[in-house]
Amino acid sequence: MILTDLQIEGFRRFASPVRLDGLGPGLNVLSAPNEAGKSTLLAALKAVLMVRSSSKAKPVKDLQPYGGGAPHVAVSFTWKGMDCHLEKQFISKAFTRLILGPERFEGDQAEEALRNLLGLEEASKGEAAGLWSALLVGQGESFAQPDLNQTGQDSLRSCLEHGVDHATGGAAASAVLSRVRDRLHLLQTAKSGQPTGKYKQALEQEAQAQACLQDLENRRAALEEDLAALDQARRALREQEDPERKAQDEAELVALRQLRDKLRVADAEEQAARAALATVTHTRNSICDEQERRQERRESQRKLEREAAEMQHDLQALTQRTAQARQRYEESRTQREQAEQQQQAARQALLAVSRRATVLQQRAAMDRSRQTLHRAEAACTRLEQARAVLAALQVDEGLIRRVRKAVREQDAAQAALNARATRLSVTLRPEAAGRVLLDGAACPQGEMVLTQAADVQVEGIGQFRITPAVKDHDEALAAADTARQQLQSVLHSAGCLSAEDAETLFEERRQAETRVAEARAAFVASLPTARDERDATFFEALATLRQDLSDQIAALERERVAFERDCPSELAGALGGYVAQTATETVCSPEVEGGVQTEQTEATLQAVQQKARLEEERAARVADEARQTERTEQAAYNAAQNLQDKAEAELRQKQTERDQVGRELAVSAARESDDALAARAAETAQAQAQAEAHVQALKAGRETEQPLSVVDTRIMRREQALENARTSIARLREEIKERETRVRVAEGDGLDEKIAEAGRTASRLKLDCEGYERERAALALLDQTLSDAEKTQTERYLAPLVRTLQPAFSTVFPGASLEMDTGFGLCGLTRRTAEEFGKLSDGTREQIAVLVRLGFAELLHARQSPAILVLDDARSFSDSQRLELMFDVLADAATRFQILVLTCRAEAFARLGGRPLSLRPIPQITERR
């Protein structure tokens with residue numbers, strides 16, 4: 001199987017159609033940077049081969065590009081010498097089309113034919129799987145060995161099926177193992193090995209019996225517990241109801257409450273004394289704070305008066321500097337306005353000259369448009385002539401296919417008739433020529449095919465009649481006549497005398513189509529504004545060219561009139577009537593006329609334009625310098641003004657602060673004079689000393705008393721104990737009542753008899769469960785023994801697969817031997833010692849995984865099944881030596897089947913060789929119908 005073409009559209013990052021160019025037999029390499037679409041190509045190939053177009057699953061919806069669309073994939077390939085084509089569209093207007101040589105399939109029929117061809121089976125909703133899943137290796141998949149599902153393993157087994165029955169014991173061993181497993185599955189589940197059927201029912205019944213027995217024993221234990229607890233509760237109730245103990249507790253509680261009242265009175269007296277002390281202390285502190293504030297305000301007032309005087313002197317100097325800066329700023333602004341007026345005048349002169357140059361450019365553009373229009377009209381004429389010739393040739397592809405089909409049917413009918421006819425071999429001596437007649441004519445020598453009865457006459461001997469014993473003779477003759485008539489009918493409809501004439505006319509039509517395509521391509525190349533491949537667009541573009549030329553002529557005339565109206569008088573005198581002359585030449589003169597005069601006028605115009613540009617640049621520099629000077633002076637003026645405003649604000653702030661401090665001092669003195677404040681301070685100091693002495697006396701008198709908090713705690717504890725005793729008595733009475741009721745009920749139920757009966761039932765059910773368990777263990781042991789034997793025998797037919805893989809492995813890992821498991825995975829590699837696959841390095845595991853997939857492809861190829869191998873960014877962790885060896889293995893395998901390598905490491909894979917592939921945008925996907 002050789003992929004020859006791959007086209008995709010509306011697929012992930014490829015919203016527009018693209019084609020993978022360069023595909024062919026052997027080794028194919030696509031080197032492209034990251035995010036170029038290599039993984040998308042592989043996803044498209046997997047989708048077209050393994051996913052039904054009618055699937056609506058989420059993975060199919062994920063194939064859509066950003067913004068939505070219908071993923072469309074077309075792939076062409078060759079298989080057993082036939083040209084084949086597969087095309088699918090997903091989600092919107094989904095379809096599947098498969099062409100295998102002369103056979104054509106559509107829809108579900110095409111899907112089934114594709115699965116039969118590739119050996120795939122349905123794996124999930126809308127998606128197939130098989131050995132091909134291991135041959136299309138995406139990014140990151142090359143580090144692990146292929147995970148084959150049952151279909152993939154069956155495909156490999158079919159490749160190795162020779163001798164399997166003999167190796168595994170044939171159908172008899174499989175039947176025994178199947179019967180053992182069927183019997184085992186009556187006792188346990190197939191997957192988890194959990195009990196089922198009669199075994200599970202017996203276990204459940206035994207569990208119920210044990211639960212019933214345990215419940216009865218628990219009831220008997222609860223009865224014994226109730227008897228013991230009942231006796232204990234009665235003793236506790238007697239202790240709690242003792243009257244002497246209750247009276248003693250209440251007397252202690254009364255004494256504690258009296259002590260608490262006494263302590264509360266003393267505590268209130270001490271708190272009042274402390275409150276009086278705190279009041280006096282706060283008053284004295286307030287008086288001291290007020291005295292300190294008055295002193296600080298006087299000092300602050302003197303300091304603010306000195307700072308305000310200094311700031312007044314500095315403000316006068318700043319005011320003078322600001323006036324000088326303002327005068328310089330006004331002078332620079334006047335100079336800037338004069339420079340800008342001169343720059344504006346120079347710019348107007350330059351614009352007038354540039355408009356004159358625009359006229360000249362429009363004339364040149366109009367000349368180019370006229371030449372383009374002439375070429376397009378000539379190409380259009382040639383295209384119409386070629387199409388007229390093509391229309392006269394009637395033998396198209398459909399008609400030639402009918403002719404070829406009729407020729408094949410006639411040849412097949414005649415061959416079928418000849419195959420059933422009688423053959424007559426005649427060898428005559430020279431002297432017998434003319435003496436032997438066949439159906440009245442001279443008999444030719446050699447071998448002849450007789451489809452009808454023939455008469456052979458030998459002079460002097462007699463006459464012989466040969467009747468062919470042809471089975472279905474009349475039907476074969478009728479089929480041959482029908483095929484000849486159909487061929488003549490088709491040739492007549494084509495207007496030809498023979499099939500050779502039809503082939504000649506078809507070849508002439510193909511050449512005419514080629515000439516039409518060439519003329520059409522030339523017509524398209526002459527139309528710069530054509531956007532698509534429709535003829536209507538081409539003729540619209542031609543009409544657009546004519547209209548553009550007319551618009552350019554009109555625009556040139558308008559520009560001439562506008563220039564004459566707006567041009568300054570001094571420039572009009574210098575350049576004369578150049579615009580009027582240019583407009584006249586454009587409308588009336590041929591393309592070549594006026595060339596010398598145009599060049600002279602251009603030179604004059606360029607000189608004037610250069611002079612105007614220099615003058616405008618000089619005026620611009622002067623204006624920029626004036627603006628810069630103005631900005632500098634303005635900045636200096638703004639800075640001086642800001643300094644002056646800041647100094648004035650600071651002066652006002654100082655004066656405000658000074659006045660505020662003066663007002664505060666006046667208010668304080670008016671409220672209370674300094675002498676009165678000092679006298680009040682002395683009085684509060686004496687009162688504070690007396691209050692402190694009273695507090696110390698009260699504190700000394702209470703040092704021998706118990707703390708009030710301790711007495712409160714003891715009262716709470718006594719009250720809680722009495723309350724607990726009352727609650728405990730009520731609870732014990734209720735508990736005694738409940739336990740007495742339970743004991744009376746339990747004594748009448750006959751628990752001992754019920755416990756004995758439940759014990760016998762549980763023992764019987766336990767024996768049943770043990771019997772089922774022994775039977776299950778025996779069947780499980782037999783199943784394991786037979787499975788191990790089958791596995792041991794099955795491993796023998798892995799030898800052909802190991803032999804297939806060994807040459808490639810020996811190239812990359814010299815002297816290594818392989819060990820594979822029954823799941824077709826490499827479980828070990830022996831070089832000097834045995835090594836497990838999971839303990840090898842990432843690079844080695846990646847190389848082994850690629851080699852295993854190569855072996856699978858080799859087996860499919862040897863079986864004459866479709867096989868290709870696609871690797872997307874594999875061998876990422878290979879060193880240069882191993883990479884070179886892998887290149888040799890891939891190149892050797894590519895001589896037998898096709899390999900596609902997708903990589904972003906162009907430099908590293910340059911030595912691989914192979915066909916270089918590329919991605920190319922195309923107008924649309926080529927459909928095969």
Q) For the side chain of Asn28 and the backbone of Gly26, is there at least one donor-acceptor N/O pair under 3.5 Å apart? A) yes
Q: Report yes if the side chains of Leu917 and Leu23 come closer than 4.5 Å at any heavy-atom pair, otherwise no.
A: yes
**Q.** Arg13 side chain vs Glu35 backbone, donor-acceptor pair below 3.5 Å
**A.** yes
Q) When you measure from the side chain of Gln445 to the backbone N and O of Leu428, does any donor-acceptor pair fall under 3.5 Å? A) yes
Q: Answer with yes or no whether the side chains of Asn116 and Glu112 bring together a donor and an acceptor at under 3.5 Å.
A: no
Q | Side chain proximity check, Arg915 to Pro25, heavy atoms < 4.5 angstrom | A | yes
**Q.** Heavy-atom check, side chain of Val870 versus side chain of Leu135, under 4.5 Å
**A.** no
Q) Do Lys38 side-chain atoms and Ala32 backbone N/O form a donor-acceptor pair below 3.5 Å? A) yes
Q: Check whether any side-chain heavy atom of Met1 lies under 4.5 Å from a side-chain heavy atom of Leu3, and answer yes or no.
A: yes
Q) Nearest 0.5 Å, what's the CD-CZ distance between Glu87 and Arg97? A) 5.0 Å
Q | Residue that, paired with Leu6, satisfies side-chain contact (heavy atoms from CB on, under 4.5 Å) out of Val48, Leu919, Leu41 | A | Leu41
Q) Does a side-chain heavy-atom distance below 4.5 Å link Arg404 with Ile400? A) yes
Q) Ignoring hydrogens and geometry, is there a side-chain-to-backbone donor-acceptor pair from Gln89 to Ser92 under 3.5 Å? A) yes
Q | Proximity of His72 and Phe14 rings by center, below 6.0 Å | A | no
Q | Considering all heavy atoms, the nearest Arg104-Ile99 contact | A | NH1-CD1, 3.6 Å
**Q.** Residue pair Gln457 / Asp455, side-chain donor-acceptor N/O under 3.5 Å
**A.** no
(Q) Salt bridge or not between Glu518 and Arg382? Use side-chain N to carboxylate O under 4.0 Å. (A) no
(Q) Just verifying a value: how many Å separate Phe77 CZ and Met82 CE, rounded to the nearest 0.5 Å? (A) 8.0 Å
Q. Checking Ser489 side chain against Gln485 main chain: does a donor-acceptor pair fall under 3.5 Å?
A. no
